[in-house]
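Worksheet: the structure to be examined is printed underneath.
Remember, predicted model here, so these are calculated numbers, not experimental data.
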Amino acid sequence: MLTAADFIPNSYTSAIENGNFEWSAPSNIALVKYWGKKDNQIPANPSVSFTLNNCKTITKLGFEKRDTSSLLNVTNGFSFDLLFEGKPKEDFKPKIQKFLERVEVYLPFLKEYHFTIDTQNTFPHSSGIASSASGMAALAMNFMSLERKLNPEMTDEYFYQKASFLARLGSGSACRSVKGNVVVWGNQENIEGSTDLFGVEFPYTIHENFKNYQDTILLVDKGEKQVSSTVGHDLMHNHPYAERRFAQAHENLDKLISIFENGDLNEFIKVVESEALTLHAMMMTSMPYFILMKPNTLQIINAIWKFRNETQIPVCFTLDAGANVHVLYPENVSEKVLQFIQDELVVFCQNSQYICDKIGSGAIAL
């Protein structure tokens, strides 16, 4: 059984002075939600997600060996510039600084280089789509590319496991954005290889029904959330329903194992929609309590239920920790669902904005 200590390198066999790497990493949408965590970004319950294809972060990492004599004069130890869409982004720097501090023990070369991190998203900034997952995954892939130059004997398996492990230390759900179409994160008794340390590709059969599954993201509210996910996770510590919720996540993940195998879309819908509503129920029953859904979120949910009931088309919704709605459906009903979205749901989106996406396969070197 791997432990965090297995990701601490003993020594490096090669050296590199400078260079750059570039990776894209996608966002993901959880089907079974992770809400609540223990120390060191360990999830209180397991989760499973679809990796997205179009909503991604593209990050270029430039690196240059620092003059060792100058290291003594650097107060914070790390040296990096951060650009967002080509322009300096000072307000992102504290998050990167915190990430570097967390991962330094696993990447002991970090203080030896000056880094230029140049990052951009393919989706609108502040659109309410979680960019921390794709952003931290892309950054972790770049750092692992540098470590592989320092240790050329590194296996692919170790490379991806450690990248997911590092991404998790930046943003929990980022570990699900590294590799695979369907990714499990968190220790689940009936899923071989699952672990709290990193995301793993779902190891069992996935029915044709779920291949190339579609996700249209309805941008209901693009403003900043009143309550951050970090605060929301912390409120699970004394939550009256926390233990039952954690058990429910395990039960729903077990159900999805057979659903993915047999392709039962009706049962899939029950699990996914129940998970989305339970996530928000946890927010509404925490202390202090809060609501991230908006009136238009509820309008969309009710419209989807009505449409599904009348047409028997297997379309469903899920939600992240926010007001936006992810509309999930098989590829073979795309035309009808997109027509429904345009006819009835766009009116509830801010500035009529929505993003068409589908299942993708993880991070890609550019």
Side-chain angles (χ1 to χ4, degrees), residues 27-52 128-134 136-137 164 167-177 182-189 191 194-200 215 217 220-221 224-256 270-294 297-298 301 316-326 328:
S27 191
N28 65 75
I29 180 65
L31 307 172
V32 170
K33 309 293 183 182
Y34 126 78
W35 197 243
K37 56 188 173 187
K38 306 169 191 173
D39 290 341
N40 299 320
Q41 299 281 89
I42 297 294
N45 66 265
S47 57
V48 64
S49 61
F50 280 156
T51 307
L52 296 182
I129 297 171
S131 57
S132 56
S134 53
M136 287 300 175
S164 178
R168 191 199 92 231
L169 294 174
S171 167
S173 56
C175 74
R176 298 192 310 246
S177 284
V182 180
V183 180
V184 177
W185 170 39
N187 194 18
Q188 172 79 353
E189 194 178 336
I191 296 183
S194 61
T195 170
D196 291 340
L197 294 181
F198 48 82
V200 300
D215 177 8
I217 306 158
V220 172
D221 182 43
E224 195 152 322
K225 294 185 294 199
Q226 310 95 306
V227 179
S228 74
S229 293
T230 302
V231 171
H233 283 295
D234 286 346
L235 291 173
M236 288 297 281
H237 286 305
N238 301 307
H239 199 294
Y241 309 127
E243 290 311 311
R244 181 66 199 102
R245 162 59 201 152
F246 300 148
Q248 180 197 42
H250 283 276
E251 292 158 13
N252 281 337
L253 194 42
D254 271 348
K255 286 179 188 172
L256 279 178
K270 285 180 196 170
V271 170
V272 169
E273 291 191 340
S274 164
E275 276 286 319
L277 294 173
T278 301
L279 170 67
H280 286 261
M282 291 298 107
M283 299 171 195
M284 290 188 253
T285 49
S286 64
M287 191 58 73
Y289 41 80
F290 60 103
I291 299 174
L292 294 184
M293 287 195 274
K294 300 287 183 188
T297 310
L298 296 174
I301 289 171
C316 69
F317 72 88
T318 188
L319 307 166
D320 260 339
N324 296 335
V325 182
H326 290 250
L328 300 176

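- We find the CG-CE distance between L298 and M293 to be 5.5 Å, quoted to the nearest 0.5 Å.
- The distance from the CG atom of L292 to the OG atom of S228 is 9.5 Å, given to the nearest 0.5 Å.
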| task | List the steps and the verdict of side chain to side chain donor-acceptor pair (under 3.5 Å) for R176 and T51. | result | CA-CA 7 Å; R176 298 192 310 246; T51 307; over 6 Å; no
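- By the 4.5 Å heavy-atom criterion applied to side chains, V32 and L256 are counted as neighbours.
- S134 and S27 make their closest contact through CB-N, 3.7 Å (heavy atoms, listed as atom of the first residue, atom of the second, distance).
- The two atoms that bring A242 and M236 nearest to each other are CB-O, 3.5 Å, heavy atoms only.
- In this structure the side chain of D254 never reaches within 4.5 angstrom of the side chain of E189, judged on heavy atoms.
- With sequence neighbours left out, the ring-ring contact (aromatic ring centres under 6.0 Å, His included) criterion links Y289 to no other residue.
- Using a 4.5 Å heavy-atom threshold, the side chains of F317 and L277 count as touching.
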| query | Which is it for L235 and F290 under the side-chain contact (heavy atoms from CB on, under 4.5 Å) test, yes or no, and what are the steps along the way? | reply | CA-CA 11 Å; L235 291 173; F290 60 103; 3.6 Å; yes
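- When all heavy atoms of S132 and S171 are compared, the pair lying nearest together is OG-OG, 3.4 Å.
- Partners of V184 according to the side-chain contact (heavy atoms from CB on, under 4.5 Å) rule, which considers only residues two or more places apart in sequence or in another chain, are V48, I191, S194, V200, F202, L253.
- Not a single donor-acceptor pair under 3.5 Å links the side chain of D215 to the backbone N or O of L52.
- Summarising the geometry of A133 relative to N28, their closest heavy-atom pair is CB-ND2, 4.1 Å, with the distance given to 0.1 Å.
- Between S49 atom OG and W185 atom CH2 the span is 10.0 Å, to the nearest 0.5 Å.
- Judged purely by atom type and a 3.5 angstrom limit, R168 uses its side chain to pair as donor or acceptor with the backbone of L197.
- In this structure, CD in E273 is found 8.0 Å from CD1 in I301, a value given to the nearest 0.5 Å.
- Not counting sequence neighbours, H280 has no partner by the side chain to side chain donor-acceptor pair (under 3.5 Å) test.
- Considering OG of S173 and CD of Q41, their distance stands at 9.0 Å, rounded to 0.5 Å.
- In the displayed structure, I42 atom CD1 is contacted under 6.0 Å by more than 12 heavy atoms of other residues, nucleotides or ligands.
- A distance-only check finds no donor-acceptor pair linking the side chain of S164 to the backbone of F198 [under 3.5 Å].
- Summarising the geometry of L319 relative to A276, their closest heavy-atom pair is N-CB, 3.6 Å, with the distance given to 0.1 Å.
- Inter-residue side-chain proximity for H250 and P46 is flagged as met; some heavy-atom pair is nearer than 4.5 Å.
- The side-chain contact (heavy atoms from CB on, under 4.5 Å) test applied to A323 returns V220, D221, K294, T297, not counting sequence neighbours.
- Side-chain atoms of D196 come within 3.5 Å of backbone atoms of N187 as a donor-acceptor pair (strictly under, hydrogens ignored).
- Note that OH of Y241 and CE of M282 are 8.0 Å apart. Values are rounded to the nearest 0.5 Å.
- Residue pairs meeting the salt bridge (Lys or Arg N to Asp or Glu O under 4.0 Å) criterion with at least one member in residues 231-249, sequence neighbours excluded: R244-E251, R245-E275.
- Take H233 and apply the ring-ring contact (aromatic ring centres under 6.0 Å, His included) test, not counting sequence neighbours, and it matches Y34, W35.
- V272 approaches C316 most closely through the heavy-atom pair CG1-SG, 4.2 Å.
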